[in-house]
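The shown structure was predicted, so the numbers you read here are calculated from the model rather than taken from an experiment. Starting from 1, each residue takes its place in the sequence as its number.
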Amino acid sequence: MQTAQRIIKNYRRNRLIVCTVCALLTLILTLAVRFISERNLNHRNILTFANHAVEELDDVLLPLQAGRDVLLPLIGLPCSVARLPLSKHAARLQTVRSINLIQRGILYCSSIFGYRNVPVRQLEPELPSREPQLLLTTDHSLIKGSPILTQWYPSSADGEDGVLEIVNIDLLSSMLLEPQPPYITNASLTVGNRHLLYGQGVVDTLPELNNEKRYQLSSQHFPYTISITGPGVSELAIKHLPTQLPLAVILSLLVGYLAWLATASRMSFSREINLALAAREFELFCQPLLNAQTQQCTGVEILLRWNNPRQGWIAPEVFIPIAEEHNLIVPLTRHVIAETIQQRHVFPMSSQFHVGINVAASHFRHGMLLKDLNQYWFSQHPIQQLVIELTERDALLDVDYRIVRELNRLGVKLAIDDFGTGNSSLSWLEKLRPDVLKIDKSFTSAIGTDAVNSTVTDIIIALGKKLNIELVAEGVETQVQAQHLRRHGVHLLQGFLYAKPMPLRDFPEWLAGSTPPPTRHNGRHSMPVMPFR
């Protein structure tokens, strides 16, 4: 048998697990999203840096390529004639340090020095060449040791004639290759097998990587590559991840709290009751009431039992208070009324046989009880006498006394259940004018053992007799109790001495004279034998 504490503890534990999982998933997802976002941002920054460097350098070299058609016809002209056009062209390009004309492998005219007579191979061993060349080297004539880009455009088939343009790359490289920590720690320009490192000049090999990664982007127009060195986009994102932890923790706590609120109805015992109603997990039991003098069964009290396939048998003292707290007692009572009328054939077809159904005071509001009885009970025209047993769990102030009078007019008897406990008040006897008082089992069990409660029992009996109210004693378990109650004029007796609660389908067999049905088994769960309501 499940206890209220155990069931509620299980639901709270399950809710806590769900909320914790939601919070942890939110924490992990938030950190993962921030990691991916940070990694992508780092990657974009590197690509932006590399693209910018390539675009800027292309913007320097493309005008040289476009102007070669103007310069190539100058080859062969005397330097005195060609120098002025060379100087004007160099001035327009701005980034060009000098433009030189080569004929038969001899540099014979320079935009800076004028006439010269220097073998081009002496200045650059790889020239002259039959193919256009882009070379990275150092200046040997003007600003010695400074890095320069040399652009060669041949004009003859043997490659001995051509135009040699020298680009001042020193200042430009300082702007394009300047590192941007933390994602870019170094940048370089690679042309052929030579490299221009920021702050280090031209070298033959790139430095070894030290727990870093290198990204490279090549130009689509010219044979050079921009190389970028950094700690790696993923490593940098991981290193930066702790700074995202406060935001992730706040979001996870918020989601966990929202999950707690969202699961209040979906992962609660009240939702379990709704599911049980939909799945018809509730079963009707009954407990006979016997005439104290004749020992004949004159009626039954309808009891509700719940065989939950997920929790096992759940006692009424567990689910009834929770149903009342969450405004589910009315749907439960409505289910009892509808099921009872459908199974009324198990009871004697006599107007002297009464069927008692427990009803909470809240069911009287707005005429709900009267509507339900009209819909489910009176529409079937049952022969048996209906007794509405008003429980005292709710404050009876909720009872609409006009509804009570209307029920009395329709022939329904009103009983006050568990009289003498809870919110009992003598004024209710005057206001409700009940037909039946049911003496609570706590007073019945005190007979012969507890002088105080036994005296209270006698007082209740005397009060009922004085007001001409029918009396029912609950919880009769011994012959001593039965004899005392019978001697004091109690009309009906109910308790384990005569019968335990039984399924409705077993009632005809019991009524025929057999002993009360034994505990039966249904799958894994056993029917409860405790006298709970």
Report task. Sequence neighbours left out, what passes salt bridge (Lys or Arg N to Asp or Glu O under 4.0 Å) with E55? Give chain and number order. Result -> none

Query - Sequence-distant partners of E235, salt bridge (Lys or Arg N to Asp or Glu O under 4.0 Å), two or more places apart - result: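 Per chain and number, E235 pairs via salt bridge (Lys or Arg N to Asp or Glu O under 4.0 Å) with K213.
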
Query raised in the report: Between Q287, H354, K438, which is the residue that forms a side chain to side chain donor-acceptor pair (under 3.5 Å) with E301?
Result: K438

Report task. State, without any angle test, whether N291 and T298 hold a side-chain donor-acceptor pair at a distance under 3.5 Å. Result -> no

By side-chain contact (heavy atoms from CB on, under 4.5 Å), which residues pair with [X], not counting sequence neighbours?
X	value
V336	L284, I302, L304, T340, I357
C22	V18, V255, A259
T225	T190, Q216, S218, S227
Q483	Q479, R486, R487

Drop me the distance from [X]'s [atom1] to [Y]'s [atom2], to the nearest 0.5 angstrom.
X	Y	atom1	atom2	value
I388	D417	CD1	CG	12.0 Å
Y376	E339	OH	CD	10.5 Å
L29	L24	CG	CG	10.5 Å
L25	T20	CG	OG1	10.5 Å
L369	F364	CG	CZ	5.0 Å
C19	L253	SG	CG	11.5 Å

Query raised in the report: With F347, which residues qualify under ring-ring contact (aromatic ring centres under 6.0 Å, His included), at least two apart?
Result: F353, F507

Query raised in the report: Ion pair present between K441 and E477, side-chain N to carboxylate O less than 4.0 angstrom?
Result: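 Salt bridge flag = no for E477 with K441.
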
Report, one line per pair, each donor and acceptor closer than 3.5 Å where one atom sits in a side chain of residues 30-38; sequence neighbours left out.
from: T30; atom 1: OG1; to: T26; atom 2: O; distance (Å): 2.6
from: R34; atom 1: NE; to: Q244; atom 2: OE1; distance (Å): 2.8
from: R34; atom 1: NH2; to: Q244; atom 2: OE1; distance (Å): 3.3
from: E38; atom 1: OE2; to: H240; atom 2: ND1; distance (Å): 3.4

Mark yes or no for whether [X], through its side chain, and [Y], through its backbone, hold a donor-acceptor pair below 3.5 Å.
X	Y	result
T229	T185	no
E178	Y198	no
H488	H484	yes
T444	A473	no

Sequence neighbours excluded and cut-off under 3.5 Å, please list the side-chain donor-acceptor pairs for residues 463-472, or say none.
none

Within the structure provided, determine whether [X] and [Y] are in side-chain contact (heavy-atom separation under 4.5 Å).
X	Y	answer
Y257	S252	no
L407	L373	yes
L277	F282	yes
M349	Q384	yes

Query raised in the report: NE2 of H335: more than 12 outside heavy atoms within 6.0 angstrom?
Result: yes

Query - All side chain to side chain donor-acceptor pair (under 3.5 Å) counterparts of H491, not counting sequence neighbours - result: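 With sequence neighbours excluded, H491 shows a side chain to side chain donor-acceptor pair (under 3.5 Å) to no residue whatsoever.
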
Query raised in the report: Who passes side chain to side chain donor-acceptor pair (under 3.5 Å) against Q293, sequence neighbours left out?
Result: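 Q293: no side chain to side chain donor-acceptor pair (under 3.5 Å) contacts found.
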
Please tabulate, for the side chains in residues 45-54, all donor-acceptor contacts under 3.5 angstrom to protein atoms that are two or more places apart in sequence or on a different chain.
from: N45; atom 1: ND2; to: L41; atom 2: O; distance (Å): 3.3
from: T48; atom 1: OG1; to: R44; atom 2: O; distance (Å): 2.7
from: N51; atom 1: ND2; to: L47; atom 2: O; distance (Å): 3.1

